[in-house]
Trainee: 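Dropping the structure in here first, questions after.
Remember, predicted model here, so these are calculated numbers, not experimental data. First the proteins, then the strands, lettered A, B, ... as listed; each starts at 1.
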Amino acid sequence: MAKKGKTAINPTREENYPAWYQQIIKAADMAENSDVRGCMVIKPWGYSIWENIQKSLDEMFKETGHVNAYFPLFIPKSFFEKEAEHVEGFAKECAVVTHSRLEDDGKGGLKPAGKLTEELIIRPTSETIIGASFSKWINSYRDLPLLINQWANVVRWELRTRLFLRTTEFLWQEGHTAHETKEEAITETFKILDIYARFAEEFLAIPVIKGKKTESEKFPGAVSTYTFEAMMQDKKALQAGTSHFLGQNFAKASDIKYQGKDGKEEFVWTSSWGVSTRLIGALIMAHADDNGLVLPPKIAPAQIAIIPIYRNDEQQKEVLNFIDKLRNKIKPLRYFENKIRIELDDRDPTGGEKVWHWIKKGIPIRLEIGPRDIQHNSVFMGRRDKNPNEKESVNVDEFINNLTEILDEIQNNIFQKALKFREKNIVKIDDKAEFYKFFTPQNKKNPEIHGGFAFSQWCENPDCEEQIKTDLKVSIRCIPLDSTKEEGKCIYCGNKSNKRVIFAKSY
RNA sequence: CGGGAUGUAGCGCAGUUCGGUAGCGCGUUCGGUUCGGGACCGAGAGGUCGCAGGUUCAAAUCCUGUCAUCCCGACCA
């Protein structure tokens, strides 16, 4: 009989959250560390999730008038130096290309040669090089707005990396837009933030809080940064993506000017925005449980795994035949305009191992189909939003008829569960001592999962923000956009304050 | 980049104190029995013990260096 422990993933979230996270990725076979420090290999199951993210977001960008383009991986150092704050923010984590070829070093190895006259930076983000193109492309107000997106890889030489959450090289999209007026650029910034938030909630099933970053947390070179923050199951906040209003900072740095209707030359107003493979990390930490990954149907590489059950060749033929017919019935169905993807697991039939294999991979629906089901024209269904042992026999026609609703239900259940978790762990705190207690673990040596989001008053003094960060490692994640004015006292200094912000530990 | 921990078969680990040439569970391969909750029996394959030096007749084990991973800190999508 089964020799397994209580959970498929060990350690559990409660026992050791960071180790649990690594195990989820391993068990679902999503990615692994590469031979290059800090870089990951994204394996098919993980990459497929990224492809689905790309597909959905790309559609949303295009629906709102954006077009894709591609800019170089390399940025001349001089371009990069143009925006002072930008340099300061990114200089410490830039990979620099200094040579263009390799030569025999006379010891059986190779040495770099062909020193470049100007060093090239591998893009950590592309504001500057895209700005250079924009300045050529834009002449007149008729050229505006310019709404460009690129899907690319970027490199940030991080000192501490974690699969998906922070890697030296990562995949993302970066939107860059130029507008005639400040208002238009700001509208764009919010429009994208809304798209991101909608995508996170409707596709990734992750509830998010939209908000503005404080001065200390904003993007280097931006006038203002907007973020959408999600709560992970260890109650920490994850910045899932950002949208920046850049004012005319980069327009001035890259000399992006247009001639207005009045004939006068003006600098454009720009925005930039991005989400990355970090979203996959968010997906894992928002939904996965102690039995493995949990995938919302809309973003899953496949929605259904079919496990055939049989004893002999004759039964195998019969079962596979039945499955084939089932697949043909599913084929014309569409789930959010997409085909429903099915994985048939016809490896050698070995008991329930295959069932657990798919549970760990987070597949939304598992179907076990054997002779007994064929007899009753039914399928044996397990759902990832329910306990692994909660399985039910469903009539085939009923299953087909209800399939999209079932997927919807799973999608919704996953979202609701995450939402409930967040609501439970977001607390209004107005007392300083309580605030400190909230963010201090009971067990100092081996901190348990604690804290959450504290929705507290802040007087807008950066010193208060800084002190809290020093004391508790808690930062202001954002000033929620829907945070209404409310008279109160700053949680740190007690001075008059008129709004609440989200405090949390973060990734 | 600073502090701590860990590197032994695909995965999880023992062996290191006290040096003697590598083992367990899972997985994997083959044969058979099985098959509706992680099957069983039998027979195999698989490791220059992270890497490089050093000490020694002899190193997974002792010493030095180095690399990687994980955790904490500083920094960040």
Trainee: Heavy atoms only, 4.0 Å cut-off, all strands: where does A:K213 land among base, sugar-phosphate and nothing?
Mentor: nothing
Trainee: Over all strands shown, is A:R37 touching base, sugar-phosphate only, or nothing at heavy-atom distances under 4.0 angstrom?
Mentor: sugar-phosphate
Trainee: How far apart are the C-alpha atoms of A:F134 and A:I129, what are their side-chain angles, what is the distance that settles it, and do they pass the side chain to side chain contact (heavy atoms under 4.5 Å, CB included) test?
Mentor: CA-CA 9 Å; A:F134 276 19; A:I129 194 139; over 6 Å; no
Trainee: Salt bridge or not for A:D234 and A:R13, using N-O below 4.0 Å?
Mentor: no
Trainee: Grab the N/O contacts between the protein and nucleotides 6-14 of chain B below 3.5 Å, and write none if there aren't any.
Mentor:
residue	atom	partner	partner atom	Å
B:G12	OP1	A:K26	NZ	3.1

Trainee: Using a 4.0 Å heavy-atom cut-off across all strands, classify A:G38 as base, sugar-phosphate, or nothing.
Mentor: sugar-phosphate
Trainee: Residues in side chain to side chain contact (heavy atoms under 4.5 Å, CB included) with A:A200, at least two apart?
Mentor: A:V208, A:F228
Trainee: Where do N or O atoms of nucleotides 45-48 of chain B meet protein N or O atoms at under 3.5 Å, pair by pair?
Mentor:
none

Trainee: Hey, is A:D482 close enough to A:K210 for a salt bridge, meaning N to O under 4.0 Å?
Mentor: no
Trainee: Under a 3.5 Å cut-off for both distances, is B:G2 Watson-Crick or wobble paired, and to whom?
Mentor: B:C72
Trainee: Using purine N1 to pyrimidine N3 plus N6-O4 or O6-N4 for Watson-Crick, or N1-O2 and O6-N3 for G-U wobble, both under 3.5 Å, which nucleotide pairs with B:C40?
Mentor: B:G32
Trainee: Using atom P in both nucleotides, what's the gap between B:C72 and B:G46 to the nearest angstrom?
Mentor: 40 Å
Trainee: Tell me every residue that passes salt bridge (charged side-chain N to carboxylate O under 4.0 Å, His left out) with A:E201, counting only those two or more places apart in sequence or in another chain.
Mentor: none
Trainee: Whole angstrom is fine here: how far is it from CZ in A:R347 over to P in B:A39?
Mentor: 11 Å
Trainee: Please list all pairs meeting side-chain hydrogen bond (donor to acceptor under 3.5 Å, both in side chains) that have one or both residues in residues 311-321 of chain A, counting only residues at least two apart or in different chains.
Mentor: A:Y310-A:Q316
Trainee: When the P atoms of B:A14 and B:A77 are compared, how many Å lie between them, rounded to an integer?
Mentor: 39 Å
Trainee: For A:Q303 and A:L295: C-alpha separation, side-chain torsions, deciding distance, then whether side chain to side chain contact (heavy atoms under 4.5 Å, CB included) applies.
Mentor: CA-CA 9 Å; A:Q303 287 82 18; A:L295 290 170; over 6 Å; no
Trainee: How far, in whole Å, is B:C51 from B:G10 if one measures between their P atoms?
Mentor: 13 Å
Trainee: What is the pairing partner of B:G46, taking Watson-Crick or G-U wobble pairs with both distances under 3.5 Å in any strand?
Mentor: none
Trainee: If we take the P atom in both B:A22 and B:C63, what is their distance in whole Å?
Mentor: 23 Å
Trainee: Without decimals, in angstroms, what is the distance between A:K354 NZ and B:G27 C1'?
Mentor: 16 Å
Trainee: Can you tell me the distance, in whole Å, between the CH2 atom of A:W356 and the P atom of B:A39?
Mentor: 12 Å
Trainee: What is the distance from CD of A:E314 to P of B:C35, rounded to the nearest Å?
Mentor: 16 Å
Trainee: Could you please spell out the steps behind the side chain to side chain contact (heavy atoms under 4.5 Å, CB included) verdict for A:V223 and A:H244?
Mentor: CA-CA 8 Å; A:V223 171; A:H244 316 288; over 6 Å; no
Trainee: Strictly by Watson-Crick or wobble contacts shorter than 3.5 Å, is anything paired with B:U56, and which nucleotide is it?
Mentor: none
Trainee: Tell me the interatomic distance from A:N312, atom CG, to B:U33, atom P, rounded to whole angstroms.
Mentor: 12 Å
Trainee: Watson-Crick or G-U wobble partner for B:U21, using a 3.5 Å limit on both distances?
Mentor: none
Trainee: Taking atom C1' in both B:G20 and B:A60, compute the distance separating them and give it to the nearest angstrom.
Mentor: 13 Å
Trainee: In this structure, how many angstroms lie between the P atom of B:C35 and the CD atom of A:E318, rounded?
Mentor: 16 Å
Trainee: Verify the ring-centre separation between A:Y21 and A:Y17: is it less than 6.0 angstrom?
Mentor: no
Trainee: Across the strands shown, which category fits A:G370 at heavy-atom distances under 4.0 angstrom: base, sugar-phosphate, nothing?
Mentor: base
Trainee: Report the residue from A:F61, A:W172, A:Y226, A:F245 that forms a ring-ring contact (aromatic ring centres under 6.0 Å, His included) with A:W273.
Mentor: A:F61
Trainee: Heavy atoms under 4.0 Å, any strand shown: does A:E390 hit a base, just sugar-phosphate, or nothing?
Mentor: base
Trainee: Can A:N52 and A:Y47 be said to form a side chain to side chain donor-acceptor pair (under 3.5 Å), step by step?
Mentor: CA-CA 9 Å; A:N52 291 337; A:Y47 195 76; over 6 Å; no
Trainee: Taking only the C1' atom of each, what is the distance from B:U16 to B:U29 in whole angstrom?
Mentor: 33 Å
Trainee: Taking atom C1' of B:G36 as reference, at what distance in whole Å does atom CD of A:Q315 sit?
Mentor: 11 Å
Trainee: Pick the P atom in B:A9 and in B:C24, then give their distance to the nearest Å.
Mentor: 14 Å
Trainee: So does A:K62 pair up with A:D58, basic N to acidic O under 4.0 Å?
Mentor: yes
Trainee: Report the C-alpha separation of A:E217 and A:R477 in whole Å, then their side-chain angles, then the decisive distance to 0.1 Å, and conclude whether the salt bridge (Lys or Arg N to Asp or Glu O under 4.0 Å) test is met.
Mentor: CA-CA 8 Å; A:E217 297 269 334; A:R477 298 322 304 152; 3.5 Å; yes
Trainee: Are any of the side-chain nitrogens in A:K92 or A:E158 under 4.0 Å away from the carboxylate oxygens of its partner?
Mentor: no
Trainee: Tabulate atom names and distances for all N/O pairs under 3.5 angstrom spanning the protein and nucleotides 70-77 of chain B.
Mentor:
residue	atom	partner	partner atom	Å
B:C71	OP1	A:R162	NH2	3.0
B:C72	OP2	A:R160	NH2	2.1
B:C76	O2'	A:E158	OE2	3.2
B:C76	O2	A:R166	NE	2.2
B:C76	O2	A:R166	NH2	2.2
B:C76	N3	A:R166	NH2	2.2
B:A77	O3'	A:Q239	OE1	3.4
B:A77	O3'	A:Q239	NE2	2.3
B:A77	O2'	A:Q239	O	3.2
B:A77	O2'	A:R278	NE	3.4
B:A77	O2'	A:R278	NH1	2.7
B:A77	N6	A:T167	N	3.4
B:A77	N6	A:T167	O	2.7
B:A77	N3	A:S276	OG	3.2

Trainee: Quantified in whole Å, what is the C1' atom distance between nucleotide B:C1 and nucleotide B:U28?
Mentor: 42 Å
Trainee: Starting at atom CZ of A:R311, determine the distance to atom C1' of B:A39, rounded to an integer number of angstrom.
Mentor: 13 Å
